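Each remark here refers to the structure printed beneath this line.
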Amino acid sequence: MSLSKISENKSFNGLQCRYSHYSDALNCQMNFSIFLPSKSDRIRVPVLYWLSGLTCSDENFVQKAGAQQFAEHYGIAIVCPDTSPRGDDVPDDSHAYDFGKGAGFYVNATQAPWNKHYQMYDYITKELPVIIADNFPVNTSLSSIFGHSMGGHGALTIALKNHTQYQSVSAFAPIVSAMNCPWGEKALSRYLGDDKANWLDYDACQLVKKVHTKLPILIDQGCRDEFLQSQLKPQLLLDVSKDVNLAMTFRMQDGYDHSYFFISSFMEEHIAFHARYLYAG
């Protein structure tokens, strides 16, 4: 695996870097960003994966979340992959912001023409962790994952299906039931086909029903989020979690919307949450 460095910037004594590589899983060139705390000069550090939301790339979080100072303080590397495959050969829907490029939904597509490139689940859970382990001073046996909106959906579903791979999971304003919202219905039907039985493994509410785990979970949701009732529907997850006695910390945050102003306001608390379990491991 050959990595090409795109940029490197010192930040809070750590390094914020961006790399390009060819992805075998996605059959295209991909970019990712990684923050390495100064502690990684001496030891292998835990790693936290961030999954971004619709229309984002790996750069939104890096520039807007204000995470570097807290990752440096707690001695944690943060990896930010892109949200979909990219490139001229990658199919797209130029008329939709919520499907195609920038909207991979962290699934393995089975339907043509999407299945040739849109294998984001395998990229996040298999290929990228190997790249990170082989090229950076991180301890990949100590990994956690978090995300926002579509990325919150990705973080929850990936963590629930691979709960021995992660120490903890958190989310900001996640899509909790991709099967039951317009964004998710569009994505799952086109990536996976019309048979909803094939959607079940990419729906956090459905996974909570069948996965028995004590994985620590933290979710923050803004009360003034414009997508709260139409797309996010957190009550669905709260109801099913109560039914199966799943321990979860869920917080409604008064006055906050869906933006990075919301995310940055609680970033320190989320990184501290993950640090508690990453260093306990």
Side-chain angles (χ1 to χ4, degrees), residues 1-6 18-34 49-62 79-135 145 147-159 161-162 165 174-175 178-179 181-204 207:
M1 172 60 63
S2 176
L3 294 181
S4 297
K5 184 181 288 186
I6 300 172
R18 193 175 190 224
Y19 290 88
S20 175
H21 72 100
Y22 186 83
S23 167
D24 291 328
L26 304 176
N27 292 304
C28 65
Q29 199 74 17
M30 290 292 287
N31 298 330
F32 69 86
S33 294
I34 181 169
Y49 290 87
W50 169 265
L51 304 185
S52 290
L54 289 167
T55 76
C56 291
S57 71
D58 59 297
E59 295 186 284
N60 298 74
F61 176 88
V62 169
V79 175
C80 305
D82 204 343
T83 53
S84 78
R86 304 281 181 172
D88 293 340
D89 295 333
V90 174
D92 190 22
D93 185 340
S94 61
H95 301 292
Y97 77 92
D98 53 358
F99 186 80
K101 292 179 184 178
F105 263 82
Y106 306 102
V107 305
N108 282 343
T110 59
Q111 304 300 299
W114 317 104
N115 55 344
K116 182 179 179 181
H117 297 282
Y118 286 77
Q119 304 294 311
M120 286 298 295
Y121 177 83
D122 279 353
Y123 178 68
I124 299 299
T125 62
K126 298 177 181 178
E127 185 177 25
L128 187 57
V130 172
I131 293 170
I132 299 303
D134 287 348
N135 291 278
I145 191 167
H148 170 234
S149 194
M150 177 186 73
H153 143 81
L156 290 172
T157 55
I158 285 172
K161 287 194 286 186
N162 302 274
Q165 186 173 332
I175 299 169
M179 297 181 67
C181 73
W183 283 337
E185 290 169 3
K186 175 188 283 188
L188 297 182
S189 63
R190 296 182 69 181
Y191 290 138
L192 304 177
D194 292 331
D195 185 351
K196 292 188 177 182
N198 296 323
W199 302 6
L200 297 175
D201 275 351
Y202 296 109
D203 184 290
L207 289 168

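As the structure is a prediction and not an experimental result, all values here were calculated from the model.
- Counting heavy atoms from C-beta outward, Ser20 and Leu3 have side chains that stay 4.5 Å or more apart.
- Proximity of the aromatic rings of Tyr106 and Tyr121 is defined here by a centroid distance below 6.0 angstrom, and this criterion is not met.
- Side-chain contact check for Tyr22 versus Ser2: every heavy-atom pair is 4.5 Å or farther apart.
- Thr157 OG1 to Asn162 CG: the interatomic distance, rounded to the nearest 0.5 Å, is 9.0 Å.
- Side-chain contact of Ser23 with Gln29: a donor-acceptor pair under 3.5 Å is absent, judged by distance alone.
- A donor-acceptor distance shorter than 3.5 angstrom exists from the side chain of His117 to the backbone of Asn27, with no hydrogens or angles considered.
- One distance of note links CD of Gln119 with CD of Glu127; it measures 11.0 Å at 0.5 Å rounding.
- To the nearest 0.5 Å, atom OG of residue Ser33 and atom CD1 of residue Ile6 are 7.5 Å apart.
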Item to check | Worked verdict on His21 versus Phe32 for ring pair (Phe, Tyr, Trp, His ring centres under 6.0 Å) | outcome: CA-CA 8 Å; His21 72 100; Phe32 69 86; 5.8 Å; yes
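- Nearest heavy atoms, Asp92 versus Tyr118: CA-OH, 4.5 Å.
- Asn31 and Asp58 share no side-chain donor-acceptor pair at under 3.5 Å.
- Counting only distance, with no hydrogens or angles, the side chain of Asn115 and the backbone of Ala109 share no donor-acceptor pair below 3.5 Å.
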Next on the checklist: Test side-chain contact (heavy atoms from CB on, under 4.5 Å) on Arg86 and Val90; report intermediate values, then the result.
Outcome noted: CA-CA 6 Å; Arg86 304 281 181 172; Val90 174; 5.6 Å; no
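- For residues 188-199, the side-chain hydrogen bond (donor to acceptor under 3.5 Å, both in side chains) pairs, not counting sequence neighbours, are Asp93-Arg190.
- Cys80 and Val62 make their closest contact through SG-CG2, 4.3 Å (heavy atoms, listed as atom of the first residue, atom of the second, distance).
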Next on the checklist: Could you go through Trp114 and Phe99, starting from their C-alpha distance and side-chain angles, then the distance that decides it, and tell me whether this counts as ring pair (Phe, Tyr, Trp, His ring centres under 6.0 Å)?
Outcome noted: CA-CA 11 Å; Trp114 317 104; Phe99 186 80; 4.7 Å; yes
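- The backbone N or O of Phe105 lies less than 3.5 Å from a partner atom in the side chain of His153, making a donor-acceptor pair.
- A distance of 12.5 Å separates CG in Asp24 from CE in Met30, rounded to the nearest 0.5 Å.
- Residue Asn60 holds its CG atom at 6.5 Å from OG1 of Thr55, rounded to the nearest 0.5 Å.
- The salt bridge (Lys or Arg N to Asp or Glu O under 4.0 Å) analysis of residues 96-118, with sequence neighbours excluded, yields the pairs Asp98-Lys186.
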